[in-house]
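Predicted, not measured: the structure shown is a model, and the values here were computed from it.
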Amino acid sequence: MRMVDIIDTKRNGGVLSDEQLQFFVDGVVNGTIPDYQISALLMAIYFQDMTKEEQTSLTMKMMESGERLDLSRIPGIKVDKHSTGGVGDKVSLPLAAMVAATGIPVPMISGRGLGHTGGTLDKLEAIPGFRVELSEDEFINQVAKENLAIVGATGEVAPADKKIYGLRDVTDTVDSIPLIASSIMSKKIASGTDALVIDVKTGTGAFMKTLDQSRLLAKALVEIGKQAGLKCMAVISDMNQPLGNKIGNSLEIEESIDVLKGKGPKDLTELVLTLGSYMVVMGEKAQNTTEARKMLEQTIQDGSALERFAAMIKAQGGDPVVVDNYHLMPQAKYKIPFKADRDGVLTKLSADEVGTASMLLGGGRQKADDALDYGVGIELHHKLGDYVKDGEPILTIYSNRHEIPDIEQLLRESIKISDDGKVPTLIHEIIE
(Lines give C-alpha, C1' and ligand atoms only; values in the text may rest on other atoms or scores of the structure.)
Protein backbone atom coordinates (compact mmCIF):
# COMPACT_ATOMS: atom_id res chain seq x y z
CA MET A 1 0.00 0.00 0.00
CA ARG A 2 1.26 3.48 -0.92
CA MET A 3 0.31 6.74 0.77
CA VAL A 4 0.16 8.53 -2.59
CA ASP A 5 -2.65 6.19 -3.67
CA ILE A 6 -4.62 6.94 -0.49
CA ILE A 7 -4.23 10.68 -1.16
CA ASP A 8 -5.31 10.13 -4.78
CA THR A 9 -8.45 8.22 -3.72
CA LYS A 10 -9.63 10.94 -1.35
CA ARG A 11 -8.58 13.82 -3.62
CA ASN A 12 -10.85 12.36 -6.32
CA GLY A 13 -13.79 11.98 -3.94
CA GLY A 14 -13.38 8.27 -3.20
CA VAL A 15 -14.10 6.44 0.05
CA LEU A 16 -11.13 5.22 2.09
CA SER A 17 -11.22 1.64 3.35
CA ASP A 18 -10.52 0.51 6.92
CA GLU A 19 -7.18 -0.86 5.71
CA GLN A 20 -6.20 2.45 4.10
CA LEU A 21 -7.12 4.42 7.22
CA GLN A 22 -5.19 1.94 9.40
CA PHE A 23 -2.14 2.34 7.15
CA PHE A 24 -2.44 6.14 7.45
CA VAL A 25 -2.80 6.20 11.26
CA ASP A 26 0.02 3.66 11.73
CA GLY A 27 2.28 5.79 9.52
CA VAL A 28 1.43 8.94 11.47
CA VAL A 29 2.29 7.31 14.80
CA ASN A 30 5.49 5.52 13.76
CA GLY A 31 6.75 8.39 11.60
CA THR A 32 6.93 6.50 8.30
CA ILE A 33 4.62 8.95 6.50
CA PRO A 34 6.18 12.40 5.98
CA ASP A 35 4.38 15.54 7.13
CA TYR A 36 3.78 16.73 3.56
CA GLN A 37 1.81 13.58 2.72
CA ILE A 38 -0.19 13.72 5.97
CA SER A 39 -0.96 17.35 5.17
CA ALA A 40 -2.00 16.45 1.62
CA LEU A 41 -4.52 13.91 2.89
CA LEU A 42 -5.87 16.35 5.48
CA MET A 43 -6.45 18.92 2.73
CA ALA A 44 -8.14 16.29 0.54
CA ILE A 45 -10.44 15.37 3.45
CA TYR A 46 -11.13 19.07 4.03
CA PHE A 47 -12.40 19.50 0.47
CA GLN A 48 -13.95 16.06 -0.19
CA ASP A 49 -15.42 15.33 3.26
CA MET A 50 -15.87 11.77 4.65
CA THR A 51 -18.76 9.35 4.95
CA LYS A 52 -20.16 8.43 8.38
CA GLU A 53 -18.39 5.09 8.11
CA GLU A 54 -15.05 6.74 7.26
CA GLN A 55 -15.39 9.17 10.18
CA THR A 56 -16.07 6.35 12.61
CA SER A 57 -13.26 4.21 11.22
CA LEU A 58 -10.74 7.06 11.42
CA THR A 59 -11.86 7.84 14.98
CA MET A 60 -11.48 4.25 16.15
CA LYS A 61 -8.08 3.85 14.49
CA MET A 62 -6.88 7.07 16.17
CA MET A 63 -8.28 5.91 19.51
CA GLU A 64 -6.57 2.52 19.17
CA SER A 65 -3.22 4.21 18.37
CA GLY A 66 -2.60 4.75 22.09
CA GLU A 67 -3.74 3.75 25.57
CA ARG A 68 -7.36 3.34 26.59
CA LEU A 69 -8.32 4.00 30.19
CA ASP A 70 -9.97 1.13 32.04
CA LEU A 71 -12.46 2.64 34.47
CA SER A 72 -14.11 -0.67 35.39
CA ARG A 73 -12.90 -0.30 39.01
CA ILE A 74 -15.22 2.69 39.38
CA PRO A 75 -18.77 1.52 40.22
CA GLY A 76 -21.73 2.95 38.34
CA ILE A 77 -22.26 4.52 34.91
CA LYS A 78 -19.42 6.94 34.20
CA VAL A 79 -20.61 10.13 32.46
CA ASP A 80 -18.45 12.86 30.91
CA LYS A 81 -19.04 16.14 29.11
CA HIS A 82 -17.13 17.84 26.29
CA SER A 83 -17.37 21.38 24.91
CA THR A 84 -16.08 22.50 21.52
CA GLY A 85 -14.76 25.61 23.29
CA GLY A 86 -15.81 29.17 23.89
CA VAL A 87 -15.24 32.43 25.77
CA GLY A 88 -16.25 32.42 29.43
CA ASP A 89 -17.13 28.73 29.09
CA LYS A 90 -16.47 27.44 32.61
CA VAL A 91 -19.46 25.05 32.42
CA SER A 92 -17.42 21.91 33.23
CA LEU A 93 -16.53 23.14 36.71
CA PRO A 94 -19.97 23.60 38.32
CA LEU A 95 -21.53 20.96 36.08
CA ALA A 96 -19.16 18.15 37.10
CA ALA A 97 -19.65 18.92 40.82
CA MET A 98 -23.45 19.03 40.52
CA VAL A 99 -23.68 15.76 38.58
CA ALA A 100 -21.23 14.07 40.98
CA ALA A 101 -23.44 15.20 43.90
CA THR A 102 -26.32 13.15 42.43
CA GLY A 103 -24.17 10.01 42.82
CA ILE A 104 -22.87 9.74 39.25
CA PRO A 105 -19.11 9.23 38.72
CA VAL A 106 -17.68 12.05 36.56
CA PRO A 107 -14.16 11.22 35.31
CA MET A 108 -13.38 14.37 33.34
CA ILE A 109 -10.29 14.68 31.16
CA SER A 110 -9.92 18.30 30.04
CA GLY A 111 -7.55 20.48 28.07
CA ARG A 112 -5.73 23.82 28.09
CA GLY A 113 -6.70 26.99 26.30
CA LEU A 114 -5.09 28.36 23.16
CA GLY A 115 -6.05 31.62 21.46
CA HIS A 116 -9.30 33.31 22.46
CA THR A 117 -10.82 30.22 24.13
CA GLY A 118 -9.98 29.31 27.72
CA GLY A 119 -8.97 25.88 29.05
CA THR A 120 -10.50 24.14 32.06
CA LEU A 121 -7.08 23.04 33.35
CA ASP A 122 -5.74 26.62 33.24
CA LYS A 123 -8.69 27.83 35.31
CA LEU A 124 -8.19 25.12 37.93
CA GLU A 125 -4.50 26.00 38.23
CA ALA A 126 -5.53 29.46 39.47
CA ILE A 127 -6.43 27.61 42.71
CA PRO A 128 -3.30 27.48 44.93
CA GLY A 129 -1.74 24.00 44.92
CA PHE A 130 -4.26 22.38 42.55
CA ARG A 131 -2.74 19.45 40.59
CA VAL A 132 -4.19 18.74 37.15
CA GLU A 133 -1.67 15.97 36.42
CA LEU A 134 -2.58 12.71 38.21
CA SER A 135 -1.39 9.19 37.53
CA GLU A 136 -3.97 6.79 36.11
CA ASP A 137 -4.30 5.05 39.50
CA GLU A 138 -4.71 8.38 41.34
CA PHE A 139 -7.37 9.46 38.85
CA ILE A 140 -9.37 6.23 39.11
CA ASN A 141 -9.11 6.07 42.90
CA GLN A 142 -10.23 9.67 43.29
CA VAL A 143 -13.29 9.21 41.05
CA ALA A 144 -14.17 6.01 42.92
CA LYS A 145 -13.96 7.85 46.26
CA GLU A 146 -15.21 11.37 45.44
CA ASN A 147 -17.27 10.71 42.25
CA LEU A 148 -15.22 13.47 40.63
CA ALA A 149 -11.83 14.36 39.18
CA ILE A 150 -10.85 16.86 36.49
CA VAL A 151 -7.39 16.21 35.03
CA GLY A 152 -5.22 16.50 31.96
CA ALA A 153 -4.78 13.48 29.71
CA THR A 154 -3.30 10.50 31.56
CA GLY A 155 -0.85 8.29 29.67
CA GLU A 156 -0.50 8.36 25.90
CA VAL A 157 -4.09 8.87 24.74
CA ALA A 158 -4.65 8.99 20.94
CA PRO A 159 -1.07 9.94 19.92
CA ALA A 160 -2.14 10.01 16.26
CA ASP A 161 -4.45 12.91 17.08
CA LYS A 162 -1.63 14.94 18.64
CA LYS A 163 0.40 14.78 15.42
CA ILE A 164 -2.59 15.33 13.11
CA TYR A 165 -3.89 18.25 15.18
CA GLY A 166 -0.55 20.04 15.00
CA LEU A 167 -0.54 19.76 11.20
CA ARG A 168 -4.20 20.83 10.93
CA ASP A 169 -3.29 24.00 12.79
CA VAL A 170 -0.55 25.00 10.32
CA THR A 171 -2.32 23.82 7.13
CA ASP A 172 -5.61 25.67 7.78
CA THR A 173 -7.66 22.46 7.98
CA VAL A 174 -8.81 22.90 11.60
CA ASP A 175 -12.47 23.58 10.74
CA SER A 176 -13.09 20.30 8.88
CA ILE A 177 -16.03 18.48 10.46
CA PRO A 178 -14.68 14.91 10.04
CA LEU A 179 -11.27 15.99 11.39
CA ILE A 180 -12.80 17.85 14.36
CA ALA A 181 -15.14 14.95 15.10
CA SER A 182 -12.46 12.24 14.94
CA SER A 183 -10.11 14.35 17.09
CA ILE A 184 -12.69 14.89 19.83
CA MET A 185 -14.19 11.42 19.84
CA SER A 186 -10.92 9.44 19.62
CA LYS A 187 -9.84 11.03 22.92
CA LYS A 188 -13.25 10.77 24.57
CA ILE A 189 -13.72 7.10 23.67
CA ALA A 190 -10.16 6.38 24.88
CA SER A 191 -11.00 8.03 28.21
CA GLY A 192 -13.17 5.01 29.07
CA THR A 193 -16.46 6.69 30.01
CA ASP A 194 -19.85 5.05 29.38
CA ALA A 195 -21.78 8.15 28.33
CA LEU A 196 -20.97 11.56 26.92
CA VAL A 197 -22.84 14.87 26.59
CA ILE A 198 -21.33 17.28 24.05
CA ASP A 199 -21.80 21.05 24.11
CA VAL A 200 -21.36 22.23 20.51
CA LYS A 201 -20.92 25.99 20.35
CA THR A 202 -22.24 28.12 17.50
CA GLY A 203 -21.60 31.78 16.63
CA THR A 204 -18.79 34.32 16.42
CA GLY A 205 -16.77 32.87 19.31
CA ALA A 206 -17.04 29.24 18.14
CA PHE A 207 -15.22 27.02 15.62
CA MET A 208 -18.55 26.63 13.83
CA LYS A 209 -19.86 30.11 13.00
CA THR A 210 -23.27 29.07 11.64
CA LEU A 211 -26.05 26.90 13.04
CA ASP A 212 -25.92 24.67 9.94
CA GLN A 213 -22.21 23.95 10.49
CA SER A 214 -22.76 23.33 14.19
CA ARG A 215 -25.63 20.95 13.46
CA LEU A 216 -23.46 18.94 11.04
CA LEU A 217 -20.69 18.70 13.63
CA ALA A 218 -23.08 17.72 16.43
CA LYS A 219 -24.64 14.98 14.31
CA ALA A 220 -21.19 13.68 13.30
CA LEU A 221 -20.06 13.51 16.93
CA VAL A 222 -23.22 11.74 18.10
CA GLU A 223 -23.10 9.29 15.17
CA ILE A 224 -19.50 8.34 15.94
CA GLY A 225 -20.36 7.86 19.60
CA LYS A 226 -23.31 5.64 18.70
CA GLN A 227 -21.20 3.55 16.31
CA ALA A 228 -18.56 3.13 19.05
CA GLY A 229 -21.15 1.89 21.56
CA LEU A 230 -21.10 5.07 23.65
CA LYS A 231 -24.27 6.72 24.99
CA CYS A 232 -24.01 10.11 23.36
CA MET A 233 -26.02 13.28 22.71
CA ALA A 234 -25.29 16.93 21.90
CA VAL A 235 -26.61 20.37 22.79
CA ILE A 236 -26.00 23.26 20.39
CA SER A 237 -25.53 26.43 22.47
CA ASP A 238 -24.86 30.05 21.60
CA MET A 239 -21.41 31.64 21.55
CA ASN A 240 -22.15 35.00 19.90
CA GLN A 241 -21.34 36.61 23.26
CA PRO A 242 -19.28 35.32 26.21
CA LEU A 243 -20.99 32.80 28.48
CA GLY A 244 -21.64 34.12 31.97
CA ASN A 245 -20.20 37.44 33.13
CA LYS A 246 -16.53 36.67 33.85
CA ILE A 247 -13.65 35.84 31.48
CA GLY A 248 -10.22 34.97 32.92
CA ASN A 249 -8.85 32.17 35.04
CA SER A 250 -9.37 33.30 38.67
CA LEU A 251 -12.52 35.16 37.64
CA GLU A 252 -14.04 32.04 36.08
CA ILE A 253 -13.33 29.95 39.17
CA GLU A 254 -15.14 32.64 41.20
CA GLU A 255 -18.15 32.50 38.89
CA SER A 256 -18.18 28.68 38.92
CA ILE A 257 -18.36 28.71 42.71
CA ASP A 258 -21.07 31.38 42.53
CA VAL A 259 -23.16 28.96 40.43
CA LEU A 260 -22.71 26.26 43.08
CA LYS A 261 -23.89 28.77 45.72
CA GLY A 262 -27.00 29.59 43.67
CA LYS A 263 -25.67 33.05 42.76
CA GLY A 264 -24.43 32.40 39.21
CA PRO A 265 -25.48 34.33 36.10
CA LYS A 266 -28.70 33.21 34.45
CA ASP A 267 -27.28 32.02 31.10
CA LEU A 268 -24.44 30.00 32.64
CA THR A 269 -26.73 28.40 35.22
CA GLU A 270 -29.30 27.51 32.56
CA LEU A 271 -26.72 25.82 30.31
CA VAL A 272 -25.27 23.89 33.26
CA LEU A 273 -28.75 22.63 34.21
CA THR A 274 -29.58 21.70 30.61
CA LEU A 275 -26.39 19.70 30.03
CA GLY A 276 -26.48 18.25 33.53
CA SER A 277 -30.06 17.01 33.12
CA TYR A 278 -29.03 14.82 30.19
CA MET A 279 -25.99 13.56 32.11
CA VAL A 280 -28.18 12.55 35.06
CA VAL A 281 -30.61 10.70 32.77
CA MET A 282 -27.71 8.94 31.00
CA GLY A 283 -26.32 8.01 34.42
CA GLU A 284 -29.71 6.42 35.18
CA LYS A 285 -30.38 8.51 38.28
CA ALA A 286 -33.54 10.03 36.78
CA GLN A 287 -36.21 8.91 34.33
CA ASN A 288 -36.39 12.21 32.43
CA THR A 289 -34.74 15.62 32.20
CA THR A 290 -37.45 17.34 34.28
CA GLU A 291 -36.77 15.02 37.22
CA ALA A 292 -33.01 15.32 36.63
CA ARG A 293 -33.14 19.12 36.65
CA LYS A 294 -34.88 19.12 40.06
CA MET A 295 -32.17 16.82 41.40
CA LEU A 296 -29.45 19.18 40.18
CA GLU A 297 -31.18 22.23 41.63
CA GLN A 298 -31.38 20.37 44.94
CA THR A 299 -27.57 19.88 44.95
CA ILE A 300 -27.24 23.68 44.94
CA GLN A 301 -29.88 24.22 47.60
CA ASP A 302 -28.49 21.65 50.03
CA GLY A 303 -24.83 22.56 49.42
CA SER A 304 -23.83 19.07 48.25
CA ALA A 305 -22.50 20.29 44.86
CA LEU A 306 -20.30 22.91 46.55
CA GLU A 307 -19.09 20.21 48.97
CA ARG A 308 -18.16 17.96 46.01
CA PHE A 309 -16.21 20.79 44.39
CA ALA A 310 -14.32 21.54 47.62
CA ALA A 311 -13.60 17.82 48.09
CA MET A 312 -12.15 17.62 44.57
CA ILE A 313 -9.94 20.66 45.21
CA LYS A 314 -8.61 19.11 48.43
CA ALA A 315 -8.08 15.66 46.83
CA GLN A 316 -6.03 17.27 44.03
CA GLY A 317 -3.79 19.25 46.37
CA GLY A 318 -5.58 22.60 46.24
CA ASP A 319 -6.77 24.81 49.07
CA PRO A 320 -10.53 24.17 49.54
CA VAL A 321 -10.88 27.41 51.55
CA VAL A 322 -10.93 29.12 48.14
CA VAL A 323 -14.67 28.38 47.93
CA ASP A 324 -15.18 30.97 50.69
CA ASN A 325 -12.21 33.26 50.02
CA TYR A 326 -11.68 34.12 46.36
CA HIS A 327 -8.71 36.33 47.24
CA LEU A 328 -6.58 33.22 47.78
CA MET A 329 -6.34 33.16 43.97
CA PRO A 330 -4.22 35.64 41.96
CA GLN A 331 -5.85 39.06 41.68
CA ALA A 332 -5.28 41.84 39.14
CA LYS A 333 -3.75 45.13 40.31
CA TYR A 334 -6.08 47.43 38.35
CA LYS A 335 -9.84 47.42 37.68
CA ILE A 336 -10.53 49.69 34.72
CA PRO A 337 -14.15 50.49 33.74
CA PHE A 338 -15.08 50.43 30.05
CA LYS A 339 -18.02 52.81 29.54
CA ALA A 340 -20.81 53.14 27.01
CA ASP A 341 -20.43 56.07 24.61
CA ARG A 342 -24.18 56.54 24.05
CA ASP A 343 -27.62 55.50 25.30
CA GLY A 344 -29.10 52.42 23.65
CA VAL A 345 -29.34 48.65 23.49
CA LEU A 346 -26.25 46.44 23.45
CA THR A 347 -26.48 44.64 20.08
CA LYS A 348 -22.91 43.40 19.60
CA LEU A 349 -20.56 41.85 22.16
CA SER A 350 -18.29 39.64 20.03
CA ALA A 351 -17.19 36.60 22.01
CA ASP A 352 -14.02 36.03 19.98
CA GLU A 353 -12.78 39.62 20.35
CA VAL A 354 -13.61 39.82 24.07
CA GLY A 355 -11.73 36.52 24.47
CA THR A 356 -8.81 37.93 22.49
CA ALA A 357 -8.76 40.98 24.77
CA SER A 358 -8.51 38.72 27.83
CA MET A 359 -5.72 36.76 26.14
CA LEU A 360 -3.77 39.94 25.34
CA LEU A 361 -4.05 41.00 28.99
CA GLY A 362 -2.16 37.77 29.78
CA GLY A 363 -5.11 35.53 30.62
CA GLY A 364 -4.61 33.25 27.60
CA ARG A 365 -1.96 31.89 25.28
CA GLN A 366 -0.97 32.96 21.79
CA LYS A 367 1.59 30.11 21.74
CA ALA A 368 1.35 26.80 23.61
CA ASP A 369 4.29 27.64 25.90
CA ASP A 370 3.12 31.14 26.91
CA ALA A 371 2.94 31.79 30.67
CA LEU A 372 -0.45 32.84 32.06
CA ASP A 373 -1.42 35.73 34.32
CA TYR A 374 -4.23 34.10 36.32
CA GLY A 375 -5.59 37.30 37.85
CA VAL A 376 -6.44 39.26 34.69
CA GLY A 377 -9.60 39.19 32.62
CA ILE A 378 -12.91 40.91 31.96
CA GLU A 379 -16.14 41.16 33.93
CA LEU A 380 -19.31 41.98 31.99
CA HIS A 381 -21.97 44.16 33.59
CA HIS A 382 -24.31 43.95 30.59
CA LYS A 383 -25.19 41.33 27.98
CA LEU A 384 -26.82 41.47 24.54
CA GLY A 385 -30.27 43.02 24.64
CA ASP A 386 -29.56 45.13 27.75
CA TYR A 387 -30.27 48.86 27.73
CA VAL A 388 -27.25 50.97 28.70
CA LYS A 389 -26.81 54.68 29.41
CA ASP A 390 -24.04 56.95 28.13
CA GLY A 391 -21.11 56.80 30.56
CA GLU A 392 -22.33 53.63 32.29
CA PRO A 393 -19.74 50.81 32.62
CA ILE A 394 -20.46 47.98 30.17
CA LEU A 395 -17.61 45.92 31.61
CA THR A 396 -14.58 46.11 33.88
CA ILE A 397 -11.09 45.21 32.68
CA TYR A 398 -8.90 43.41 35.25
CA SER A 399 -5.30 44.24 34.33
CA ASN A 400 -1.80 44.23 35.77
CA ARG A 401 -0.79 47.18 33.59
CA HIS A 402 -2.33 50.58 34.07
CA GLU A 403 -2.31 51.77 30.46
CA ILE A 404 -4.20 49.47 28.07
CA PRO A 405 -5.05 51.47 24.91
CA ASP A 406 -4.73 48.33 22.73
CA ILE A 407 -7.28 46.44 24.82
CA GLU A 408 -9.69 49.39 24.95
CA GLN A 409 -9.50 49.83 21.17
CA LEU A 410 -10.16 46.12 20.56
CA LEU A 411 -13.16 46.18 22.90
CA ARG A 412 -14.50 49.36 21.29
CA GLU A 413 -14.50 47.53 17.95
CA SER A 414 -16.19 44.44 19.41
CA ILE A 415 -19.08 46.29 21.08
CA LYS A 416 -22.02 47.99 19.38
CA ILE A 417 -24.89 49.98 20.90
CA SER A 418 -28.01 50.55 18.76
CA ASP A 419 -31.51 51.87 19.15
CA ASP A 420 -33.00 48.40 19.57
CA GLY A 421 -31.95 44.77 19.71
CA LYS A 422 -32.87 41.36 21.07
CA VAL A 423 -31.57 38.72 23.46
CA PRO A 424 -30.05 35.75 21.54
CA THR A 425 -31.29 32.20 22.01
CA LEU A 426 -29.05 30.27 24.41
CA ILE A 427 -29.99 26.68 23.52
CA HIS A 428 -30.47 26.28 19.77
CA GLU A 429 -31.00 22.53 19.35
CA ILE A 430 -30.76 19.16 21.04
CA ILE A 431 -29.27 16.29 19.01
CA GLU A 432 -30.08 12.85 20.44
Side-chain angles (χ1 to χ4, degrees), residues 81 83 85-99 101 108 110 113 116-128 130 150 199 201 205 237-239 241-276 296-297 299-300 303 305-310 312-313 318-332 335 338 349 351 354-355 357-359 361 363-364 372-384 386 393-399 426:
K81 167 261 179 189
S83 169
V87 179
D89 183 7
K90 72 283 293 178
V91 166
S92 290
L93 301 167
L95 173 67
M98 289 163 66
V99 174
M108 193 171 279
S110 296
H116 73 272
T117 61
T120 299
L121 301 183
D122 299 322
K123 294 162 194 173
L124 286 168
E125 285 183 331
I127 299 170
F130 194 97
I150 304 178
D199 182 12
K201 302 297 187 186
S237 67
D238 194 75
M239 191 40 70
Q241 64 178 334
L243 183 62
N245 297 334
K246 294 183 177 181
I247 303 102
N249 298 295
S250 291
L251 291 170
E252 292 192 45
I253 294 292
E254 292 179 14
E255 191 161 78
S256 299
I257 297 168
D258 284 345
V259 171
L260 297 175
K261 292 177 177 177
K263 300 187 294 185
K266 185 178 177 182
D267 59 344
L268 174 60
T269 301
E270 178 59 31
L271 184 55
V272 168
L273 288 169
T274 299
L275 295 166
L296 291 167
E297 289 170 340
T299 70
I300 293 175
L306 184 63
E307 185 276 329
R308 283 296 86 214
F309 193 69
M312 178 189 72
I313 292 172
D319 186 347
V321 179
V322 78
V323 301
D324 296 311
N325 183 0
Y326 298 161
H327 285 88
L328 291 174
M329 294 183 289
Q331 305 290 308
K335 296 181 182 180
F338 182 89
L349 186 62
V354 174
S358 180
M359 176 192 72
L361 287 164
L372 293 180
D373 185 339
Y374 293 99
V376 302
I378 292 167
E379 180 178 6
L380 305 176
H381 306 305
H382 290 283
K383 302 291 287 278
L384 293 178
D386 286 357
I394 297 173
L395 55 84
T396 296
I397 303 162
Y398 289 69
S399 174
L426 177 64

Derivation and outcome, side chain to side chain contact (heavy atoms under 4.5 Å, CB included), residues K335 and E379
CA-CA 10 Å; K335 296 181 182 180; E379 180 178 6; over 6 Å; no

Non-hydrogen atoms of A96 and M108 that approach each other most closely
CB-CE, 3.9 Å

Ignoring hydrogens, what is the shortest heavy-atom contact between A351 and Q241? Give both atom names and the distance.
CB-C, 3.7 Å

Listed partners of T396 passing side chain to side chain donor-acceptor pair (under 3.5 Å), at least two apart:
H381

Residues passing the salt bridge (Lys or Arg N to Asp or Glu O under 4.0 Å) test with E125, sequence neighbours excluded, are R112

If you measure from CG on D199 to CG on L271, what distance do you get to the nearest 0.5 Å?
5.0 Å

So do D324 and K261 actually touch side chain to side chain, heavy atoms under 4.5 Å?
yes

Any side-chain donor near an acceptor of the partner, E270 and T274, under 3.5 Å
yes

Applying side chain to side chain contact (heavy atoms under 4.5 Å, CB included) to I313 and D319, what does each step give before you reach the verdict?
CA-CA 6 Å; I313 292 172; D319 186 347; 5.6 Å; no

Which atom of P265 lies closest to which atom of V259, heavy atoms considered
CD-CG2, 4.5 Å

If you define the side chain from C-beta out and look only at heavy atoms, does anything of H382 sit under 4.5 Å from L349?
no

Taking the side chain from S358 and the backbone from G363, do they hold a donor-acceptor pair closer than 3.5 Å?
no

Report the distance from atom OH of Y326 to atom CD1 of I127, rounding to the nearest 0.5 Å.
11.0 Å

Considering only residues two or more places apart or on different chains, which pairs with a residue in residues 85-98 satisfy side-chain hydrogen bond (donor to acceptor under 3.5 Å, both in side chains)?
K81-S92, S83-D89, K90-E255

For L124 and M312: C-alpha separation, side-chain torsions, deciding distance, then whether side chain to side chain contact (heavy atoms under 4.5 Å, CB included) applies.
CA-CA 11 Å; L124 286 168; M312 178 189 72; 4.2 Å; yes

Please report the shortest heavy-atom distance between G276 and V99, naming the atom on each side.
CA-CG2, 4.1 Å

Taking side chain to side chain donor-acceptor pair (under 3.5 Å) as the test, write out the residues that go with S256, two or more places apart.
none

Roughly how far, to the nearest 0.5 Å, is the NZ atom of K201 from the CG atom of D238?
8.5 Å

Distance-only donor-acceptor check, side chains Y398 and D373, under 3.5 Å:
no

Nearest 0.5 Å please: distance from the CG atom of L93 over to the CD1 atom of I150.
5.0 Å

Find the distance between CG (L121) and CG (N249) and round it off to the nearest 0.5 Å.
10.5 Å

In Å, rounded to the nearest 0.5 Å, how long is the span from CG of D258 to CD1 of I253?
11.5 Å

Taking side chain to side chain donor-acceptor pair (under 3.5 Å) as the definition, give me every residue that meets it alongside N245, ordered by chain and number, with sequence neighbours left out.
none

Minimum heavy-atom separation for V91 and L275, please, with both atom names.
CG1-CD1, 3.7 Å

For side chain to side chain contact (heavy atoms under 4.5 Å, CB included), just list the numbers for L296 and L95, CA-CA rounded to whole Å, side-chain angles, deciding distance to a tenth of an Å, and then say yes or no.
CA-CA 9 Å; L296 291 167; L95 173 67; 5.8 Å; no

Using the test side chain to side chain donor-acceptor pair (under 3.5 Å), find all partners of T299 that sit at least two apart in sequence or belong to another chain.
none

Main chain of S250, side chain of E252: is a donor-acceptor contact present, judged purely on distance under 3.5 Å?
no

Locate the shortest heavy-atom distance separating L328 from P128; write the atom from each residue and the value.
O-CG, 3.2 Å

